[in-house]
Every structure is written in structure tokens, then in C-alpha cells.
Amino acid sequence: MRPEGIDRTASIQVIDAPVAARAWVRERNSQGRRVAFVPTMGALHEGHLALVRRAGELADDIVVSIFVNPTQFGPHEDFARYPRTWDNDLKLLSQERVGMVFAPQPAQMYGPRFGTLISPPPVATPWEGEIRPGHFQGVCTVVLKLFQIVPAQVAVFGQKDYQQARVIADMVDDLNLDITVDVYPTVRDADGLALSSRNRYLPAGDRERALALSRALDRVERRYREGVREAGELEASMVEVLRRVGVDSIDYAVVVDPLTLSPFSAPLPEARHGSEAEPVAVALITARVAGTRLLDNRLLR
Ligand code: AMP
């Protein structure tokens, strides 16, 4: 007898052809079923699985895509060595209520005459946009394509990639895309490290230094609660922790507007739209430890 987890693999449809993937979603929709979509690059971990479970709360059927998108990597980035763990990914998804996995080959996404690119919204310009030129153009283009191939009613993204989620939400608004964007909080290891497919590059001895990011975010949140409202002072408190714990370099550590990601020209507002629950700012950090680029963020409210 096959173990239960593997048995259920059989019920996941793995589809690589865009036309067939779209037909699968349309068929579910025609039965009156809502479909939720979780786009990923694979190398799945508990963060991805939390998005999948959230998708299950939002819809009747769940679609996950696994595609390491070449066009969002720069020429000197880690596309070739990005972790690919297909068998384990499928095993993990088989333990969730996933109906279809869309896993195309690059040539199925980008034909020989491919050339249409999305110009990303303004929120894509600073921070990651500055350090990784072309990255968000690649992200917007592939996500728009994925939304066309998997015409789901809702798509779930992680707050872990805060700027990416903002970029996609603005693209969806700007282009009147018929899909709702849901953003799910960052899933962390017990010690606070945000889960990431790239964490597996981290040598065990450098994990302590990787914790600098979540510690710096704890510090900035504490300073904010203590009443500090100057972005510069809040940023300096994060940088102090990052340097003390010993990250190799800091790409940015900033406290910015949570919608536009623009720097503040005045002290942080007390509350946005008169609501205590709405974030007034977001702290964004990207730093390098042992050759691995780590991202984390925290909403201040
Ligand atoms: P990736 O496979 O890294 O492109 O990520 C696919 C999706 O999972 C994106 O929406 C990410 O923001 C999200 N994600 C990655 N890591 C986490 C995490 N630790 N917690 C929640 N969501 C995450």
C-alpha cells in the first residue's frame, strides 16, 4: 500500500502547457468554483505552504505555479544556481489541497519571438528596483503572463517580498486586472529568521549573523513604540544592530511610506486614515551574509 501522502500526489494535475492550464481553471470556474493562485519559483518551504493554505481559505481550488523565471534575474545573479527541488516540492504540495501545479519550461513561456515587456509602476523604482535593474520588469511581465494563463479569482503573495507585493498590487490596479491580490504575513523560523529558498545557501555558522535582520526590525519597532518618529533616527537604530551583529554589507535599511515606498520628508504621521490598525510606515532591510542576499521588513503601526 502506498503511504497516504504519496497517494494524494495522483490527485494533483501537473501541467506544463499554458493552454491546458488555462482550460483547467476555466473548467473549474464553469462549475461555479473559485480558484486561488500561488505563484512561486519552487524550492518550497513552510512560507510557501502557508500561502497555499491561505489560498485554500479564499477559494475552492488552489493552483500553484513553479517557474524559475529567467527574465527577473540579472546577468550576474543566481539564476543558474537557484535551488531546484522538484520532487520535494511536489511531495509537499501533495500534502496540501492543491488541484493543479503549473510548471512550464522557459521555452513554453518565452517563444523565439517573445518581446512584449511590462513597464513596472513607480513603486518599483527605489530599493530593489535600483539595485536590481530590470528585476521588476521581469517580475511584472511574468506575473501578468501567469495571470493570463491561470485566470484565478485571487492570487496570494508573501509580505516577505514587500516591494514585490506592492508592485504587483499597483500593476493589477493600473491595468484593471480581474484578480484580487492577497498578501500574507512572513513565516519565520522559531529564532525569527524569515524563511527563504535562499537560506539553504547560508553556512550553518553564519545563521546567527543572518538573525541581524529580524533583530534590527525588532529594535526599530521598539523605538517606534517608544515614540521615535524621525525616519533617520529609526534607520540609524536598525543599522546599528546590523553592524553590531555583523552582516557583511547593507544594501538598504530604510523606514518609508508603506504604499509608495518613498522616504518621509517629515516625521512619521501618527496614524494613517485615522485608523490605528493601518500601518504608518514600513521598515525594509536588505543585507548580505556569507554571499547570500537576505530581505526582511516590518510594518510600523
Ligand atoms: P518565491 O518562490 O521566493 O518567488 O516566493 C513565492 C511567494 O512566496 C512570494 O509571494 C513570496 O513573497 C512568498 N514567500 C517567500 N518566503 C516567504 C515567507 N517566509 N513567508 C511568507 N511568504 C513567503
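In listed order, ligands and their atoms are each counted from 1. The model shown is predicted, which means the values in this text are computed figures rather than measured ones. Numbering of residues begins at 1 and proceeds along the displayed sequence.
Those atoms of ligand 1 with a heavy atom of Leu195 less than 4.0 angstrom away are 16 (N), 17 (C), 18 (C), 19 (N). Near Leu51, meaning under 4.0 Å from one of its heavy atoms, ligand 1 places the atoms 7 (C), 8 (O), 10 (O), 13 (C), 21 (C), 22 (N). The contact set between ligand 1 and Gly158, taken as ligand atoms under 4.0 Å from a residue heavy atom, comprises 9 (C), 10 (O), 11 (C), 12 (O), 13 (C), 22 (N). Remark: ligand 1 atoms within the under-4.0 Å shell around heavy atoms of Phe157 are 10 (O). Residue Pro185 approaches ligand 1 through these ligand atoms, each under 4.0 Å from one of its heavy atoms: 21 (C).
By the criterion of a heavy-atom distance under 4.0 Å, neither the backbone nor the side chain of Val38 is placed next to ligand 1. The residue Ala165 has no part lying near ligand 1, judged by heavy-atom distances below 4.0 Å. Only backbone heavy atoms of Pro39 (N, CA, C or O) come within less than 4.0 Å of ligand 1; its side chain stays farther off.
Distance from atom 4 (O) of ligand 1 to its nearest protein heavy atom, with residue and atom name: Met41 CG, 3.6 Å. At the shortest separation from atom 23 (C) of ligand 1 among protein heavy atoms lies Lys160 CB, 3.9 Å. Annotation: atom 11 (C) of ligand 1 to nearest protein heavy atom, Asp161 OD2, 3.1 Å. Looking from atom 20 (N) of ligand 1 to the surrounding protein, the closest heavy atom is Val187 N, 2.8 Å.
Heavy atoms only, all atoms of each residue included: Met238 and Val255 are closest at CE-CG2, 4.0 Å.
A cation-pi arrangement is present between Arg81 and Tyr201, with the terminal nitrogen or guanidinium carbon under 6.0 Å from the aromatic centre and inside a 45° cone about the axis. Cation-pi contact between Lys145 and Tyr110: present, with separation from the ring centre below 6.0 Å and deviation from the ring axis of at most 45°. Geometrically, Arg22 does not engage Phe37 in a cation-pi contact, judged by NZ or CZ lying under 6.0 Å from the ring centre and within 45° of the ring axis.
Arg293 is listed as a side-chain neighbour of Glu128, based on a closest heavy-atom distance under 4.5 Å.
Between Gln72, His48, Arg54, His45, it is His48 that holds the heavy atom closest to atom 1 (P) of ligand 1.
Salt-bridge formation is not detected for the pair Arg188/Glu46: no Lys NZ or Arg NE/NH1/NH2 atom is positioned less than 4.0 Å from an Asp or Glu carboxylate oxygen.
A 6.0 Å sphere centred on CZ of Arg243 holds no more than 12 heavy atoms belonging to other residues, nucleotides or ligands.
None of Arg225, Arg219, Arg223 except one satisfies the side-chain hydrogen bond (donor to acceptor under 3.5 Å, both in side chains) rule with Glu221; the exception is Arg225.
Ring-plane geometry between Phe147 and Phe157 is classed as perpendicular, the angle between the planes exceeding 60 degrees on a 0 to 90 degree scale with a lower cut at 30.
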